[in-house]
Amino acid sequence: MKILLPFLLLVLVTGGNAQNIMNNPGSNHGNKFEQLGTILPTPNEYRTASGAPGPKYWQQRCDYDIRCELDEKNLKLTGTETLTYYNNSPDVLTYLWLQLDENQHSNLNNANYQDASTLGRQLNTTQLDRMLDTKVDNGYGDKIAKITDATGKMLKYTINKTMMRVELPVHLKPGQQFVFTINWSYMISDRLGMGGRGGYEYFPEDGNYLFTMSQWYPRLCVYSDFQGWQNHQFTGRGEFALTFGNFKVQMTVPADHVVMGTGEGQNYAQVLSAAQQKRWQQAQTAKEPVEIVTLDEAKNAEKQKSTSKKTWIFKAENVRDFAWTSSRKFIWDAMPTYVEGKKIMCMSAYGKEAYGLYRKYSTKVVAHTVRTYSKFAIPFPYPVAQSIEASNGMEYPMICFNNGRTNKDGTYSEGTKNGMLGVIIHEVGHNFFPMIVNSDERQWTWMDEGLNSFVEYLTEELYDNKFPSRMGAPFTIANYMRLPKDQLEPIMTNSENIVNFGPNAYTKPATGLNILRETIMGRDLFDYSFREYAHRWAFKHPTPADFFRTMEDASAEDLDWFWRGWFYSIDPCDIAIDSVHHAVVNMDASAVAPADANRPAGGNRGNRGGNRPAADGTRPIDKPIVNSFDDLSKIRNREDKNIIFLTDADTSLRDFYWKYDRGIIPYDSTIRVEAPAGAAPGGRGNFGGGDPADMATKEKYGGLHLYEISFTNKGGLVMPIIVQFSFADGTSQTERIPAQIWRKNENHVVKVFVTSKEATSIRLDPMRETADIDESNNSWPKVDAPTRLELFKARAAGGRGQSTGTNPMQKLGQ
């Protein structure tokens, strides 16, 4: 037997190599495992080959002193800002570039990036007006009154669409600073009607406005070592590259308005009532959110509409931007949280329309987000974090605008609640990426949206182990990756040129990072490297190369194959089982004969696999919907005894749906409810197997089963091969083969596995970890994938925004 076993192995392995040679008579590999090399910029004294800032790294700074007044009656904002620009570069500057983002709404000075259009069967008047009014000024956009230097001398400037160049009277040398003042105004746009990130929302029921003031003042562009001025036009999609600095901002608004803004309020004693000021002091040490401005006070203000004015003053240090909001509709609550002993005031402001959701959840979720991101990135450095309900989803330093309103009766759907939780986590999380780790959003959207969506996923997973996260779990990106090639772009594509923006810039990079963490690198190695990146580039301007290099430098993992495949290509993962050869070690015979040799596996049935969890539609509730959301991260989180989920630590967050999904409130199969759905088949199994080369005794090796499996890389993206063997007794065994198995042949691989029992079935990627786009070729014997009709039936509605229609809270009178 000592002779026969090596002979058996030799036959199997040699047969596998022969098959590869036959199927691939040319080169047996391309460039999938080659180093990125010249694709990445050459390291220099500003940015090192390790991914860290170099010894001569520099960046500019700009401080702002702004005074503005909100004219609610005429929907106009007027302001004056004094800027102090510090030239920390080694270059001599002759002009400065500023962003005029409000010109997005101008029909004359917008970026004019047009998309193709077709003539449909219907056309509304707004669309027609936009086509007609291309020559006559619509009145929107920044109106620059004058620009002067510190002595009052007029400065020459040129406006090119959404950018403005200011000519310097003398050259600005390295180490020098320049002070100048801009007087400006603009008509505030209807944000819901005209689009955009800032503007007003009008509430006809009570005749009031809610103003979200963002991208509202002329802002310095970034001047950097890697591209000079970042003055690409603002089209409304690609967001911002901004310079860090200190802000002092004074906003004059109607006296009954509540103002929330970036940084810390400096004159609460002057703008709050005595009772409100007392509540603010109570909130400093509160364990639960305290209403600074109460629901009753907000309702009274809605009715009275003061004609007097007040000026609110805010200061913020070392931030890249400043945003604020103003309305008499606001309820304002606050409580502190702590990160490494430092107090951060977590606050929310919202109208009565959102009271049923925001009062219970918002501020606590802000606190949870700040704490969780601080664990995975850097400790939160700012004193404040705020969530504002404004039927929006947009982020700025220390403040963000979100959504989530109840029905008029105070009830809400589960989709609305989960959508609200997700958007709060996402937008508060942007404080870290890109407000602190300050990447260039206009050029590389994925560096802020993708990285932030990934940590959002981690934060949602730690909120509640059964939270239906939409981004991160690999199977959620499979539908996108199986699209026709002409509908896909690499992640490394400028944001203005992406067709499917959300999946490309948010979901795919987030999913890729989760695959690195859970499947390729492991949690400890990934988390250390990701934190290292955040620490290295906090309050600096990183590029993609800095991220890629840091992740490898801190982990000793060569990940160029992953960056090349996941970020630079559009190849999907589709690994298929082609054939299975089975042999049994017979210790009592004079030879080892193959058993069931050359049994075929199921062939490819095309793109019929049900890989993506349902995202819309409805279904009857007859079992806990949360059972559908188990993925590898959720399982590992449950097994980690050090993890305490927020809904376990704070049971006040367990609402009607938390109990309803768990059967605490009885199920009613006649009710149809909004909720995402999806399934992750198979169990985790256990790692096992032995090495046949060490076989020595009959007791140890008799009856072992050997499986030679042939795999084909049909999608083109190389990924680890994860194989689960299931046995008749209900147990299973999982083998994990790193992606480097493909390094010598990127198309076909044959691999021998050993089990102690005969397998009844074999499955590739049982926990759906690799975003495989066709699961119909992942099983032996063949298992049919769900049909399209079955997938449609399983879908359930989610969404972010306001609750609509009937929901279980109303049906059951909760």
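The first residue of the sequence shown is numbered 1, and numbering continues consecutively from there.
Asp640 places no side-chain N or O within 3.5 Å of a backbone atom of Asn637 that could act as its donor or acceptor partner. A donor-acceptor pair is defined here as one N or O able to donate and one able to accept, closer than 3.5 Å; no such pair exists between the side chain of Glu427 and the backbone of Phe401. No donor-acceptor distance shorter than 3.5 angstrom exists from the side chain of Asp448 to the backbone of Pro434, with no hydrogens or angles considered. The backbone N or O of Arg523 lies less than 3.5 Å from no partner atom in the side chain of Arg636, so there is not a single donor-acceptor pair. Of the possible polar contacts, one joining the Thr476 side chain to the Ala473 backbone as a donor-acceptor pair under 3.5 Å is found. Distance alone, capped at 3.5 Å, is enough to place a donor-acceptor pair between the Asn403 side chain and the Asn392 backbone. Ser374 contributes a side-chain N or O that, together with a main-chain N or O of Phe380, makes up a donor-acceptor pair within less than 3.5 Å. Although no hydrogens or angles enter the test, the distance criterion places no donor-acceptor pair under 3.5 Å between the side chain of Lys508 and the main chain of Pro490. The main-chain N or O of Tyr209 is found under 3.5 Å from a side-chain atom of Ser327 such that the two form a donor-acceptor pair. The backbone N or O of Phe539 lies less than 3.5 Å from no partner atom in the side chain of Asn438, so there is not a single donor-acceptor pair.
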Please determine whether side-chain hydrogen bond (donor to acceptor under 3.5 Å, both in side chains) holds for the pair Asp546 and Thr543, giving the CA-CA distance in whole Å, both sets of side-chain angles, and the decisive distance to 0.1 Å.
CA-CA 5 Å; Asp546 301 317; Thr543 66; 2.9 Å; yes
Test Phe645 against Phe467 for side-chain contact (heavy atoms from CB on, under 4.5 Å), laying out the working first.
CA-CA 11 Å; Phe645 302 100; Phe467 188 87; over 6 Å; no
Apply side-chain contact (heavy atoms from CB on, under 4.5 Å) to Arg470 and Asn418, showing your working.
CA-CA 10 Å; Arg470 296 177 174 224; Asn418 289 335; over 6 Å; no
Between Tyr358 and Asp333, is the side-chain contact (heavy atoms from CB on, under 4.5 Å) condition met? List the steps.
CA-CA 10 Å; Tyr358 269 66; Asp333 70 46; over 6 Å; no
Report the C-alpha separation of Glu239 and Arg442 in whole Å, then their side-chain angles, then the decisive distance to 0.1 Å, and conclude whether the salt bridge (Lys or Arg N to Asp or Glu O under 4.0 Å) test is met.
CA-CA 5 Å; Glu239 292 175 352; Arg442 190 150 302 174; over 6 Å; no
Are Ser469 and Glu460 close enough, and set up right, to give a side-chain hydrogen bond (donor to acceptor under 3.5 Å, both in side chains), and what steps lead you there?
CA-CA 7 Å; Ser469 299; Glu460 290 172 348; 2.9 Å; yes
Please assess Met447 against Asp440 for the test side-chain contact (heavy atoms from CB on, under 4.5 Å), listing each intermediate value before the final yes or no.
CA-CA 8 Å; Met447 287 197 73; Asp440 180 355; over 6 Å; no
For the pair Asp648 and Arg654, evaluate salt bridge (Lys or Arg N to Asp or Glu O under 4.0 Å) and give the outcome as yes or no after the intermediate values.
CA-CA 9 Å; Asp648 292 335; Arg654 298 178 176 180; 2.8 Å; yes
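Looking only at side-chain heavy atoms (C-beta outward), His430 and Cys400 stay at 4.5 Å or farther from each other. The closest side-chain heavy-atom distance from Leu513 to Tyr457 is not below 4.5 Å. You'll find the side chain of Gln386 stays beyond 4.5 Å of the side chain of Met345, heavy atoms only. Using a 4.5 Å cut-off on side-chain heavy atoms (C-beta onward), Phe211 and Trp216 make no contact. Side-chain atoms of Glu414 and Asn807, non-hydrogen and from C-beta on, never get closer than 4.5 Å to each other. Using a 4.5 Å cut-off on side-chain heavy atoms (C-beta onward), Asp661 and Lys466 make no contact. The closest side-chain heavy-atom distance from Glu389 to Ser362 is not below 4.5 Å. Thr459 has its side chain within reach of His368: a pair of non-hydrogen atoms, C-beta onward, lies under 4.5 Å apart.
The minimum heavy-atom distance between Met420 and Leu357, with the atom names listed, is SD-CB, 3.6 Å. The two residues Asp321 and Thr262 make their nearest non-hydrogen contact at O-CG2, 3.8 Å. Pairing each heavy atom of Cys346 with each of Val366, the nearest pair is CB-CG1, 3.8 Å. Residues Met767 and Ile635 share a closest heavy-atom pair of CE-CD1, 3.4 Å. The minimum heavy-atom distance linking Gln104 with Thr235 is given by the pair NE2-O, 4.5 Å. Across all non-hydrogen atoms, the minimal contact from Arg359 to Tyr350 is CD-OH, 3.1 Å.
One finds the NZ atom of Lys287 at 12.5 Å from the CG atom of Asp650 (value rounded to the nearest 0.5 Å). Here the CD atom belonging to Glu449 is positioned 9.0 Å from the OG atom belonging to Ser439, to the nearest 0.5 angstrom. Put simply, OG1 on Thr770 and CD1 on Ile773 are 10.5 Å apart, with the number rounded to the nearest 0.5 Å. One distance of note links OH of Tyr268 with CH2 of Trp312; it measures 6.5 Å at 0.5 Å rounding. Of the inter-residue distances, the one linking Arg197 atom CZ with Ser214 atom OG reads 8.5 Å to the nearest 0.5 angstrom. In this structure, the separation between OG1 on Thr445 and OH on Tyr506 is 7.5 Å, given to the nearest 0.5 Å.
By the 6.0 Å contact criterion, CD1 on Ile644 is open, its count of non-hydrogen atoms from other residues, nucleotides or ligands being 12 or less. The 12-atom threshold is not exceeded at CG of Asp524, counting heavy atoms of other residues, nucleotides or ligands nearer than 6.0 Å. Atom CD of Glu489 has more than 12 neighbouring heavy atoms from other residues, nucleotides or ligands inside a 6.0 Å radius. Enclosure of atom NZ in Lys315 is not indicated, since only 12 or fewer non-hydrogen atoms of other residues, nucleotides or ligands lie within 6.0 angstrom.
Cation-pi contact between Arg320 and Phe240: absent, since separation from the ring centre below 6.0 Å together with deviation from the ring axis within 45° is not met. A cation-pi arrangement is absent between Lys417 and Tyr657 under the rule of less than 6.0 angstrom and at most 45 degrees off the ring axis.
Taking the six-membered ring for Trp and thresholds of 30 and 60 degrees, Phe433 and Tyr373 have ring planes inclined between 30 and 60 degrees apart. Relative orientation of the Phe562 and Trp566 rings is parallel, given thresholds of 30° and 60° on the angle between their planes.
Applying side chain to side chain donor-acceptor pair (under 3.5 Å) to Tyr412 and the options Thr406, Asp655, Asn407 leaves one that passes, Asp655. Phe526 pairs with exactly one of Phe376, Phe454, Tyr533 by the ring pair (Phe, Tyr, Trp, His ring centres under 6.0 Å) rule, that one being Phe454.
We find that Glu201 and Arg405 are joined by a salt bridge, their nearest charged nitrogen and carboxylate oxygen being less than 4.0 Å apart.
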With a cut-off of 3.5 Å and sequence neighbours excluded, list every side-chain donor-acceptor pair involving residues 334-343.
| from | atom 1 | to | atom 2 | distance (Å) |
| --- | --- | --- | --- | --- |
| Thr337 | OG1 | Arg371 | NH1 | 2.8 |
| Lys342 | NZ | Pro381 | O | 2.2 |
| Lys343 | NZ | Gln284 | OE1 | 3.1 |

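Checked against the 6.0 Å centroid threshold, Tyr361 and Trp658 do not count as a close aromatic pair.
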